[in-house]
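Structure, as structure tokens:
No experiment lies behind these values; they were computed from the predicted model shown. All heavy atoms count here, side chains included; hydrogens, waters and symmetry mates do not. Throughout, protein chains are lettered first and strands after them, A, B, ... in sequence-line order, and every chain is numbered starting at 1.
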Amino acid sequence: QQQVKQSPQSLIVQKGGISIINCAYENTAFDYFPWYQQFPGKGPALLIAIRPDVSEKKEGRFTISFNKSAKQFSLHIMDSQPGDSATYFCAALPSGSARQLTFGSGTQLTVLP
Amino acid sequence: KAGVTQTPRYLIKTRGQQVTLSCSPISGHRSVSWYQQTPGQGLQFLFEYFSETQRNKGNFPGRFSGRQFSNSRSEMNVSTLELGDSALYLCASSLEYHYNEQFFGPGTRLTVL
């Protein structure tokens, strides 16, 4: 059972454009929603994260928008750069002591120069 | 501060063999989680160890096991390898607070022939 659904599977944007990746979750026990960036040959690295009591969080060119009632959240990358080309994963962590991240299926982002 | 290290980085085994992968967390991190990454199934949680105890386990067969030592270093073992076990195995460490970031290592690429 896929508990976190991510779209699109791949995304191509021009340099300077806005990249938008969407995720939806089912489990209402999730209370922490991180986004990870992964380059080939590397492990995922935390990009930005949000808790459900906040509707938006911005860090530099990266913004998470969170809609608790719709159980959806999205990543916006403003002024996309070729160096942003990577695979992006949304994830969710349930409340409690478990550190079990449930990941979305990933989005392969390509930013054209 | 050194990051999460995983050894070996690459491993080739044949069906039926067993394998042991090692993970050294960031100094001071007592939580270590293991994930399997494949093109078909994406990133899936295997198990988490905290203070030498398995705190949570994902939906994998009993052939997958792990342990954690008193210095927080962790190992995972896969017995009776199958072709489908070919994957990137990622280790992540974190502090014990629920919202602390999980830092991923570069992974061990296991190929089963």
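Legend: salt bridge (charged side-chain N to carboxylate O under 4.0 Å, His left out) pairs involving residues 74-95 of chain A, not counting sequence neighbours, sorted by first then second residue: R61(A)-D84(A).
In this structure, L101(A) and Y35(B) approach most closely via the heavy-atom pair N-OH, 3.1 Å. Residues Q37(B) and F89(A) come closest through the heavy atom pair NE2-CZ, 3.4 Å.
Side-chain contact between Q102(B) and L93(A) is present, with heavy atoms from C-beta onward closer than 4.5 Å.
Hydrophobic clustering (ILVMFWY, side-chain heavy atoms < 4.5 Å, transitive): L21(B) and F60(B) are in one cluster. Linking ILVMFWY residues whenever their side-chain heavy atoms come closer than 4.5 Å, directly or via other members, leaves Y89(B) and L43(B) in distinct clusters. The hydrophobic cluster containing Y88(A) also contains V4(A), counting ILVMFWY residues as joined when their side-chain heavy atoms lie under 4.5 angstrom apart, directly or transitively. Hydrophobic clustering (side-chain heavy atoms under 4.5 Å, transitive across Ile, Leu, Val, Met, Phe, Trp, Tyr) groups V19(B) together with F47(B). Residues L81(B) and L113(B) are members of separate hydrophobic clusters, defined by side-chain heavy-atom contacts under 4.5 angstrom among Ile, Leu, Val, Met, Phe, Trp and Tyr.
Contact of L90(B) with chain A is made through the side chain alone, with heavy-atom distances under 4.5 Å. No part of R109(B) comes within reach of chain A, as not one of its non-hydrogen atoms sits under 4.5 angstrom from that chain. For L88(B), the part lying under 4.5 angstrom from a heavy atom of chain A is the side chain only.
Taking 4.5 Å as the heavy-atom cut-off, the residues of residues 34-57 of chain A that approach chain B are Y36(A), Q38(A), G41(A), K42(A), G43(A), P44(A), L46(A), R51(A), ordered by number.
Within 6.0 Å of CD in Q9(A) there are 12 or fewer heavy atoms belonging to other residues, nucleotides or ligands.
Aromatic pair F45(B)/F103(A): centroids not less than 6.0 angstrom apart.
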